[in-house]
Amino acid sequence: MLKRKIVFLVGPTGIGKSKVAITLAKKINAEIISCDSMQVYRRMNIITSKVGLAERKEVKHHLLGIIDPTKEYNVASYRKASLAICNRLFKKGKIPLFVGGTGLYYSIIVDGLFPEVPEDKLIRAKLGKLLKLKGNAYLYKRLSQVDTVAAKRIHFNDSRRIIRALEVYLKTGKPISELQSGRVGLGKDYEVKVFGLNSDRQFLYDKIDQRVGQMFNLGLINEVRRLLACKLSRTAACAIGIQELDGYFKNQYSLDEAKRIMQRNSRHYAKRQLTWFRKDKRVKWINIKKTEVFNETAKRINKFL
RNA sequence: GCCGAGAUAGCUCAGUGGUAGAGCGCGGCCCUGAAAAGGCCGGCGUGGGGGGUCCGAUUCCCUCUCUCGGCA
């Protein structure tokens, strides 16, 4: 039996994934599933460069603006929601086209998520206290005692991961590294195709700088002001632009400075995204040399499908 | 034209008679329930050009070029 096809389009922020995706989706009878940890939030449109309503009419987009920015969202919610959409699309005879730059979300879909061990606020609070009291060396030592494999992989300064690993151990009695090895990916049941957009670094950075500048023209300041008026969730508050503009609102620096920091942080983010996707050998890279070549790029991708 | 200050990393600048650092920037990497987050690693350099003193000059001396102040 022929395996059903799932297509992914990944790459750094600002490279032009969304536009290419729309063109491609029309060609291959697909609907788009966003693979972006920030675009799931409502009222965060300019700051996340969400595609406009007109474009969403051309091709159906899923998981854009589905949750209030005061609410938490995470890989598990994302996995559940997106796989459900996948199944619905198959029933309609459509190809799911995942588009986005959140490496972890991508990986959670393609390679699977280890069995349910949700965040436990109580345990985390306790571990957080221990961290403050006794330092990361202490927590790291405790982790090494129960899970050598995980300890080897986690740096002793990476307290967030140390805490998570200990949390999983305390809740299940099993080392996180053991649970992690039990992941089941999509490759078994589906034909997975992954495409990555990239360009030379300077070109990408110029586009990112421009895009951030553009956000200000579109009304970023007001959007963020409105967002800051409510208590943003831990996750939503992490979007690039929130902290940066908050500092400006609090008169810590000028608007130009806020913009500069936003551009820099976006560049750093893009770099991390590239590191993430580059190591994934399933990615078929498409190099972008000029702006506004969505059609051509979509055609090139289509050839490989 | 004269006087003064300076010329060192991509940028802003430290410092030293034994071939150099810091911050920012930049590059590479890790990542499994916060991921636009979090963590790790890396100086990436014709010390403005030329000459001199010295065992040895980025450092001291001379000279040229350039930049910035001030006076004309």
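Source: prediction; values computed, not measured. All heavy atoms count here, side chains included; hydrogens, waters and symmetry mates do not. Lettering follows sequence order; numbering is per chain, from 1.
- Across all strands shown, B:G38 forms a Watson-Crick or G-U wobble pair, both distances under 3.5 Å, with B:C30.
- Note on A:D111: nothing from the nucleic acid sits closer than 4.0 angstrom, heavy atoms only.
- Between the CZ atom of A:R260 and the C1' atom of B:C11 there is a distance of 11 Å, given to the nearest Å.
- When atom types are taken as modelled, the side chain of A:K17 and the backbone of A:P12 share a donor-acceptor pair closer than 3.5 angstrom.
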Could you list, one pair per line, each protein nitrogen or oxygen that sits under 3.5 Å from a nitrogen or oxygen of nucleotides 39-45 of chain B, together with the distance?
residue	atom	partner	partner atom	Å
B:C40	OP1	A:N157	ND2	2.8

Is there a salt bridge (charged side-chain N to carboxylate O under 4.0 Å, His left out) between A:E244 and A:K259 once you walk through the steps? CA-CA 8 Å; A:E244 291 86 344; A:K259 183 170 156 191; over 6 Å; no

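- Across all strands shown, B:G45 has no partner, as no Watson-Crick or G-U wobble contact with both distances under 3.5 Å is found.
- Checking the phosphate oxygens (OP1, OP2) of B:C30, no side-chain nitrogen or oxygen of A:R278 falls inside 4.0 Å.
- Residue A:L179 contributes atom CG, which lies 13 Å from atom C1' of B:G33 at whole-angstrom precision.
- Distance, A:R183 CZ to B:U32 C1': 5 Å, rounded to whole Å.
- Phosphate proximity of B:A34 to A:R160: absent, as no side-chain N or O sits under 4.0 Å from OP1 or OP2.
- When heavy atoms are screened at a 4.0 angstrom cut-off, A:Y105 is found touching the sugar-phosphate backbone but no base atom.
- Between A:H268 and B:C26 there is a side-chain N or O to OP1 or OP2 distance below 4.0 Å.
- Of all nucleotides present, only B:G70 satisfies the Watson-Crick or G-U wobble test against B:C2, with each distance under 3.5 Å.
- Looking at A:E223, its side chain does come within 3.5 Å of a backbone N or O of A:I46 through a donor-acceptor pair.
- Both tests pass for A:R4 against the ring of A:F90: distance under 6.0 Å to the centre and angle within 45° of the axis.
- Counting non-hydrogen atoms under 4.0 angstrom, A:S266 reaches nothing in the nucleic acid.
- Note: CH2 (A:W276) to P (B:C29) measures 14 Å, nearest angstrom.
- In this model, the phosphate group of B:A35 is approached by a side-chain N or O of A:T235 to a distance below 4.0 Å at OP1 or OP2.
- A:V117 comes within 4.0 angstrom of a base, heavy atoms only.
- Annotation for A:R43 and A:K50: closest pair N-NZ, 4.5 Å, computed over non-hydrogen atoms.
- The nearest whole Å value for the distance from the NZ atom in A:K271 to the P atom in B:A37 is 13 Å.
- A close approach under 4.0 Å does occur between a side-chain nitrogen or oxygen of A:K279 and OP1 or OP2 of B:C31.
- A:F195 is linked by a ring pair (Phe, Tyr, Trp, His ring centres under 6.0 Å) to nothing, counting only residues two or more places apart in sequence or in another chain.
- At a threshold of 4.0 angstrom between heavy atoms, the contacts of A:S107 with the nucleic acid are absent.
- In this structure, A:I242 reaches neither bases nor backbone, as no heavy-atom distance under 4.0 Å exists between it and the strands shown.
- Residue A:T275 places none of its side-chain N or O atoms closer than 4.0 Å to OP1 or OP2 of B:G28.
- Partner A:Y205 forms a side-chain contact (heavy atoms from CB on, under 4.5 Å) with one of A:Q210, A:Q263, A:K271 and no other, that one being A:K271.
- The NZ-C1' distance, from A:K121 to B:A34, rounds to 10 Å in whole Å.
- If you check every strand for non-hydrogen atoms under 4.0 Å, A:Y205 touches sugar and phosphate atoms only.
- Heavy atoms of A:Q180 sit under 4.0 angstrom from at least one base atom.
- Remark: A:R153 is not in phosphate contact with B:C31, judged by side-chain N or O atoms under 4.0 Å from OP1 or OP2.
- What separates CG of A:L232 from P of B:A37 is a distance of 15 Å, to the nearest Å.
- Contact of the A:V293 side chain with the A:N295 side chain is not registered, since no non-hydrogen atoms from C-beta on lie closer than 4.5 Å.
- Separating the CZ atom of A:F277 from the P atom of B:C29 is a distance of 14 Å, rounded to the nearest angstrom.
- Residues passing the ring pair (Phe, Tyr, Trp, His ring centres under 6.0 Å) test with A:F8, sequence neighbours excluded: A:F98, A:Y106.
- Backbone-only engagement by A:R267 is indicated by non-hydrogen atom pairs under 4.0 Å involving sugar-phosphate atoms exclusively.
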